[in-house]
S.K.: 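Below is the structure I would like to discuss, written out as structure tokens.
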Amino acid sequence: MSPKAVLAPVFVQVLLTFGLLFWTGRVRFAAARAGAVKLRDISLGERSWPAPVQQVSNAFGNQFELPVLFYVVVGLALATRQADPLFVGLAWLFVLTRIVHAGIYATRNVVIRRFQAFLAGAIVLMAMWLVFAARILLAPAA
């Protein structure tokens, strides 16, 4: 697979992360400006933000959990030339689950739906790692 094909889902995941970062900033400034939170109450990162603000913030923060393992496996697969259409398809599926998860988290926050999206992403990511590890460990010695 071409580096473009392998990295395209990574770029979308990064775009999601930056989108949530800017959304978090926007809703935080709006809440502070509206007086929904006092700056001294959140100056040390305490969770005194109104629930809708905290939801977006949590969705952003969550992009530094499972996606870290995604970035690592994609980088390793690219470096070792182990990315094929199956791997890239799984990468796109993982990113799709992250978009769904973030959308649920930042809006209606239906916990069971959010968990289902998270679990689906975790399973896809585990499959990516298993496929990658099997290809590396089962490859004939060079």
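Note that this is a predicted model, so its numbers are computed, not measured.
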S.K.: Is there a side-chain contact between Val37 and Arg28, using heavy atoms and a 4.5 Å cut-off?
M.R.: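 When only atoms from C-beta onward are counted, Arg28 and Val37 do not touch, as no gap falls below 4.5 Å.
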S.K.: Within a strict 4.5 Å, meaning less than it, do heavy atoms of the Val14 and Tyr71 side chains meet?
M.R.: yes
S.K.: Side chains of Phe70 and Val10, heavy atoms from C-beta outward: is any pair under 4.5 Å?
M.R.: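 Side chain of Phe70 against side chain of Val10, heavy atoms only: contact under 4.5 Å found.
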S.K.: Closest approach of Gly121 and Phe94, non-hydrogen atoms and distance?
M.R.: O-CD1, 3.3 Å
S.K.: To the nearest 0.5 Å, what is the distance between OG on Ser48 and CG on Leu39?
M.R.: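 Answer rounded to 0.5 Å: 11.5 Å.
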S.K.: Is it the case that one hydrophobic cluster holds both Phe118 and Met126, taking links as side-chain heavy atoms less than 4.5 Å apart, direct or via other members?
M.R.: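 No: no chain of side-chain contacts under 4.5 Å links Phe118 to Met126.
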S.K.: Would a hydrophobic clustering, with Ile, Leu, Val, Met, Phe, Trp and Tyr connected at side-chain separations under 4.5 Å, put Leu69 with Phe64?
M.R.: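 Hydrophobic grouping puts Leu69 with Phe64.
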S.K.: If you take all heavy atoms of Ala117 and Val100, which pair is closest and at what distance?
M.R.: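 Minimum heavy-atom separation between Ala117 and Val100: CB-CG1, 3.9 Å.
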S.K.: Is there a side-chain contact between Leu125 and Met128 in this structure, where contact means two heavy atoms from C-beta onward sitting under 4.5 Å apart?
M.R.: yes
S.K.: Donor-acceptor pair, distance only, cut-off 3.5 Å: does the side chain of Gln82 make one with the backbone of Leu78?
M.R.: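 The answer is no, because no donor-acceptor pair under 3.5 Å joins these two groups.
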S.K.: Tell me whether Ile123 shares a hydrophobic cluster with Leu93, the cluster being built from Ile, Leu, Val, Met, Phe, Trp, Tyr side chains joined at under 4.5 Å.
M.R.: no
S.K.: Is there a path from Val72 to Val88 through hydrophobic residues (I, L, V, M, F, W, Y) whose side chains come within less than 4.5 Å of each other?
M.R.: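 Hydrophobic grouping puts Val72 with Val88.
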S.K.: Minimum heavy-atom separation for Pro9 to Ala91, with atom names?
M.R.: CG-CB, 3.7 Å
S.K.: Would you check if Asn62 and Leu20 make a side-chain contact, meaning some heavy-atom pair closer than 4.5 Å?
M.R.: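 No - every pair of side-chain heavy atoms lies 4.5 Å or more apart.
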S.K.: Please examine the side chains of Val95 and Leu16, heavy atoms only from C-beta on, and report whether any two atoms are closer than 4.5 Å.
M.R.: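 Heavy-atom side-chain distance check fails, nothing below 4.5 Å.
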S.K.: Take Gln63 and Gln13, measure what side chain to side chain contact (heavy atoms under 4.5 Å, CB included) needs, and give me the verdict at the end.
M.R.: CA-CA 9 Å; Gln63 301 313 308; Gln13 177 62 41; 2.7 Å; yes
S.K.: If every non-hydrogen atom of Arg135 is compared with every non-hydrogen atom of Ala139, which pair is closest and at what distance?
M.R.: O-CB, 3.2 Å
S.K.: Main chain of Phe87, side chain of Trp92: is a donor-acceptor contact present, judged purely on distance under 3.5 Å?
M.R.: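 A pair under 3.5 Å: no.
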S.K.: Just wondering, do Trp23 and Arg26 contact through their side chains at under 4.5 Å, heavy atoms?
M.R.: yes
S.K.: Are any non-hydrogen side-chain atoms of Gln55 and Thr107 less than 4.5 angstrom apart?
M.R.: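 A side-chain contact under 4.5 Å is absent here.
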S.K.: Could you check Tyr105 against Val56 for side chain to side chain contact (heavy atoms under 4.5 Å, CB included), going step by step and ending with a plain yes or no?
M.R.: CA-CA 7 Å; Tyr105 211 158; Val56 177; over 6 Å; no
S.K.: For a side chain to side chain contact (heavy atoms under 4.5 Å, CB included) check, start with the C-alpha distance between Leu76 and Trp129, then their side-chain angles and the critical distance, and finish with the verdict.
M.R.: CA-CA 10 Å; Leu76 290 171; Trp129 273 100; 3.9 Å; yes
S.K.: If hydrophobic clusters are built by linking Ile, Leu, Val, Met, Phe, Trp and Tyr wherever their side-chain heavy atoms come under 4.5 Å apart, do Val73 and Leu137 end up in the same one?
M.R.: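 Not linked; separate clusters.
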S.K.: Just wondering, more than 12 heavy atoms not from Arg113 lying within 6.0 Å of its CZ?
M.R.: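 No, CZ of Arg113 has 12 or fewer neighbouring heavy atoms, counting only those of other groups under 6.0 Å.
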S.K.: Rounded to the nearest 0.5 Å, what's the gap from CH2 on Trp49 to OG1 on Thr24? Could you check?
M.R.: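 Answer for the CH2-OG1 pair, Trp49 versus Thr24, is 10.0 Å.
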S.K.: Roughly how far, to the nearest 0.5 Å, is CG of Leu119 from CZ of Arg114?
M.R.: 13.0 Å
